[in-house]
Amino acid sequence: MTIDGQYTAIGKYLPRVDGVAKVTGAAKYAADINMPRMLYCDVVRSPYPHAKILKIDTKEAEKLPGVKNVITGDYYAKRGGLYLADKNFLAHETAKYRGEAVVAVCAETPEIAHEACKLVKIDYEELPAVLSPMDALKPDAPLVHPELETYRVAPIFHPVPGTNISHKHFLKKGDTDAAFKKCDKIVEHEYYVPHVQHCPIETHTATVKFDQSGNLTVWASCQSPYAVRNALSDSFDIPLHKIHIISEFVGGGFGAKAGTTIEGIIIPLAQLNVGRPVKFTYTREEEFRDAYVRQGMLAKIKTGVDKTGKILAVENNFYWDGGAYNEYGVNIAKAAGFASAGPYNIDNITTNSYCLYTNHPVGGPYRGFGMCEIHFCIEQNLDVVANEIGISPIEIRRINGLRPGDKTGMGEVMKVSGYQPCLETVLDKLKYDPTPKKVSEHKIRCMGVAAGWKSPSQPTDAGSASIIRMNEDGTFYVHTSAEEIGQGSNTALTQIAAEVLNVNPNRITLKSGDTNMNPYEWQTVASRTTYCAGNAVKLAAEDLRKKIFDLAQMKLGYPARDMYLERDDEHDCTWVVASKYHRDMKVDMKTFALGMPLDDGSGIGGPAIGIGTFTLPNNMAYNPADSQSEKGVAFWTIGCTGVEIEIDTQTGHVKVLQMISCFDPGKVINTELYAAQVEGAMIQSLGTALYEAMILKDGKLMNGSFLDYKIPTAYEMPDVLESYVVEFPEETGPFGARGIGEPAMVPGAPAIANAIANALGVRFNQMPITPDMVLEAINNKKN
Amino acid sequence: MREFEYVAPKTVKEALNLLATYKEKATILAGGTDVVVRLRDEIIDPEFIIDIKHIDELNGIKFDKKEGLFVGANATMHEIQNDKNVKEFYPFYADACGHVGSKQVRNKATSVGNLCTASPLGDSLTPMYCLDATVVIEGPKGKREAPVREFITFVRKTVLERDELVLGVKFPYVECKGIYTKNARRHEVDLSNIVATILKVGDEYRIAYGSVAPTPIRLVKTEEFLKGKKIDDKVIEEAKKILTTEISPISDLRATKEYRVSVSQSILENSLKALG
């Protein structure tokens, strides 16, 4: 910031600091890791959704020349997991979904490993399977985890032993029973959201190596190196200082690479082959089924209003299809539970959010972390209620959308809320008109809007750290373990450091993705990086600045109190200036890089290093009895999306013509990266609204490749794709910033669903809304 | 994927010798956009891959009004789509080839390969059916020709013997107007859930659909009904009814049976209205 209070780096466009390496192909991703004497892993997968493993015969596979080892779940049977220790890296005793890894082979080439897998003979006894969340809840349902009561679990989660419930989240605010009695209209609907895939361009991949001293190095495509380190230490009883995670570039995460998936399969193989790296890379087909998937969800939602449109009460029941292992999925059910009211001022709320074991692929984090799914229901039900009481979907949002001073579903008072200005901005930019328009014989156009919110679902004490080192020439290293997964964190964090130190960002190199080199970061998830890691970087820069000023007061003979930094791009330096009254009294900041030389030849201070550590103050755990908390989450990011669609009434195709969003990220750090996040999120929501679903039949994934799992292409981009911003600063955010990457995806799908309903007068309670469904509705109406 | 031997003959004669030697152990490769996928998925497991791309005799697209159009086995979708004569005299075929897969796929894939794959939804096949194209085949006993409607016998089945090679496809020259329509879940890079070519030749119509039966088909009853008729709403409604008696689509991942019937009717209606 200049002495006149102008930002020099924040709120501007800085080209991606990792851009050149990525577009020239110089960036080395985990999949690019190739080393001498490398070994390769492949796995044998269960062909049944639920089966007891009776016998495994690995003899023939072991005999194949080039095969080093063949291991089964018995070889390393310790259970692990992030929040609930329910998972073995290889199936142990039972296989719980169709595709689960049962046997792992290590060989000299990937081809030999693949051939050896075919030689493994496994006898199974098929068990009855649980194939939907409602089936999971039936009293006589087969149990996916009969030993649930013995599993270690984080205290905030509540599995119910003897059932398929891995977590039941309960939220209660006010008195819904009494409030529903006062309602003039109550609308109750069921909605279903299927499993979807993240589809990162780089599939999951990892290479691991043990050296002779017992040090483990892991090159992984992962979002959270420290969480991986912790999980592997816990699972394999290796001390943390012996584990080194390297993840410099990641080819897309979207949540799928938040935990550990494949590292644990190859660590036992690497232990058997000390000194030799072992690599495992998922095929695209494995990526679809055997990495995390976005959980399916069935929602029953009941909304009660008075005749003015004020929402008096809401009752939600969410049933999450968590799949075979819920070690991560339980946290999604929790996030959905505490956010279940949506961004609305509602006094009476009851929510039950169940995470359920099924014999389906394993659910895990996906951009939005439950919010896209629940808002598909919340935002459609709101439109339905409005229509039934004869007010517009906009009016009901104007009446109920959170304003400053309102209380959230968790009982927290909103100090700021951008809901209303975001809504009005979108309506204005879209020139909102919900009347269907017939633009040609077979084409109808119509508009729809939806809002949404999201907060990070993180431990209340999740920590971030940063170290900044000044070099002798006044350039800097910023060390952080925020992971650059394409979202632009390396660039945003560079801007934050540059702003505090008032240096040209090109004088900063950001270092991340290496646990031996860079300090702790809980995880790169939850749209928390700009906020949490950003705060750590800001604190480190401030610490460094303070140390420089402490030395500069001796050099300049003025007190540190009034000093400031002045960026001078012309001279390619930054000045430490005594005060605004003594602007000539200045010294190049680099003078202090190694401390300060004194006149007698000695020195003082030592090399300049700033340290920043951040934990959100006063972020308090909610009361498990009702999920109420004065400050239960770090922040809420709120926004709104509006769309115009065109329906082809002959083919049922829906083309999105305009998609416009406005969000309140508190303070935009990088203008272009903000737009890129919001635009990307809108397209991802468009994909889920119209195209994407994992089709599971008897536990078998029927469309596990891009042949039959379609995501939007350039052609499907709306002609108008725009992002706007309102900025109400977050009190504890760096420069007022809060997260945007996930929240921006939340309202897109329900906005499209609402537009389709406005166009046809038919409500679709399930996504994706495919051409068959649309055409059937049109033809039914005609007849 | 098992190891295989790759051979790249330079002449048709050489290729036929290799086919005669290896027979069922060999798979012919042209563009490779189907073969390579099937190799990777281990659906096929050949010992020999005979790559015909280096046989110059199989290249090219030839046209004159007397002989019609000849599309060589190595002509890519991209070449056909952009060929001057195809664009002028067979624009619906140019359209069809331009709608296969992605640009990258069209740069490699061939229309003859599309024919030999014999998928019911082959994007470039309905123009061949409409024009009663002839498949030119060579084997150890010399050349023979097969009408396209007899060449494909079922899903992924043709009359081609294991020691034979398709040299190309002959399209007669017919004065006509035609419309090609592809419907898929997504506009680009997707498989057809309905594909159709409809031609008007004099006062007759020729109608071919894909993805509605085990092979692409001609709708002969609908054609018969429309012969000599002036197109109006009543005729279109009747034609749409007859159409439903001729197609037998299935429900699968890509569309329901009802959807396919409805879209097939709309395509017929739109095409007839446009052709007059």
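All chains are named by letter (A, B, ...) in the order of the sequence lines, taking the proteins before the strands, and each is independently numbered beginning at 1. Since we're looking at a predicted model, the values are computed, not measured. Just so it is clear, the values below take in all heavy atoms, side chains as well, and ignore hydrogens, waters and symmetry mates.
Side-chain atoms of B:Glu269 and A:His442 form no donor-acceptor pair, as typed in the model, at a separation below 3.5 Å.
Closest non-hydrogen pair, A:Glu716 versus B:His187, comes out as OE2-N, 3.2 Å. Shortest non-hydrogen contact noted between A:Asp772 and B:Ala255 is OD2-CA, 3.3 Å. B:Tyr259 and A:Thr651 make their closest contact through OH-O, 2.6 Å (heavy atoms, listed as atom of the first residue, atom of the second, distance). Annotation for A:Glu441 and B:Lys273: closest pair OE2-NZ, 3.8 Å, computed over non-hydrogen atoms. Here the shortest heavy-atom pairing between B:Leu253 and A:Asp708 reads CD1-OD2, 3.9 Å.
Heavy atoms closer than 4.5 Å to chain A are found in both the backbone and the side chain of B:Asp190. For A:Leu690, no part sits under 4.5 Å from any heavy atom of chain B, backbone or side chain. Using a 4.5 Å cut-off between heavy atoms, B:Asp252 does not touch chain A at all.
Comparing A:Lys655, A:Lys697, A:His653 by heavy-atom pairs within less than 4.5 Å of chain B, the highest count is held by A:His653.
Using modelled atom types, one side-chain atom of B:Arg186 and one backbone atom of A:Ile711 make a donor-acceptor pair closer than 3.5 Å.
Heavy atoms from other residues, nucleotides or ligands lying under 6.0 Å from NZ of B:Lys257 number 12 at most. In B:Ile43, the CD1 atom is crowded: over 12 heavy atoms of neighbouring residues, nucleotides or ligands sit closer than 6.0 Å. For B:Lys241, the NZ atom is loosely surrounded, since the number of other residues' heavy atoms within 6.0 Å does not exceed 12.
Residues A:Thr283 and B:Arg40 form a side-chain contact, since some pair of their non-hydrogen atoms from C-beta on lies under 4.5 Å apart.
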Decide yes or no on side-chain contact (heavy atoms from CB on, under 4.5 Å) for A:Glu776 and B:Thr256, but give the supporting numbers first. CA-CA 10 Å; A:Glu776 190 188 353; B:Thr256 60; over 6 Å; no
Take B:Ile267 and A:Gln650 through the side-chain contact (heavy atoms from CB on, under 4.5 Å) test and state the conclusion after the steps. CA-CA 9 Å; B:Ile267 291 172; A:Gln650 284 188 313; over 6 Å; no
Intermediate values then yes/no, salt bridge (charged side-chain N to carboxylate O under 4.0 Å, His left out), A:Lys710 and B:Glu188: CA-CA 10 Å; A:Lys710 293 297 175 191; B:Glu188 298 290 325; over 6 Å; no
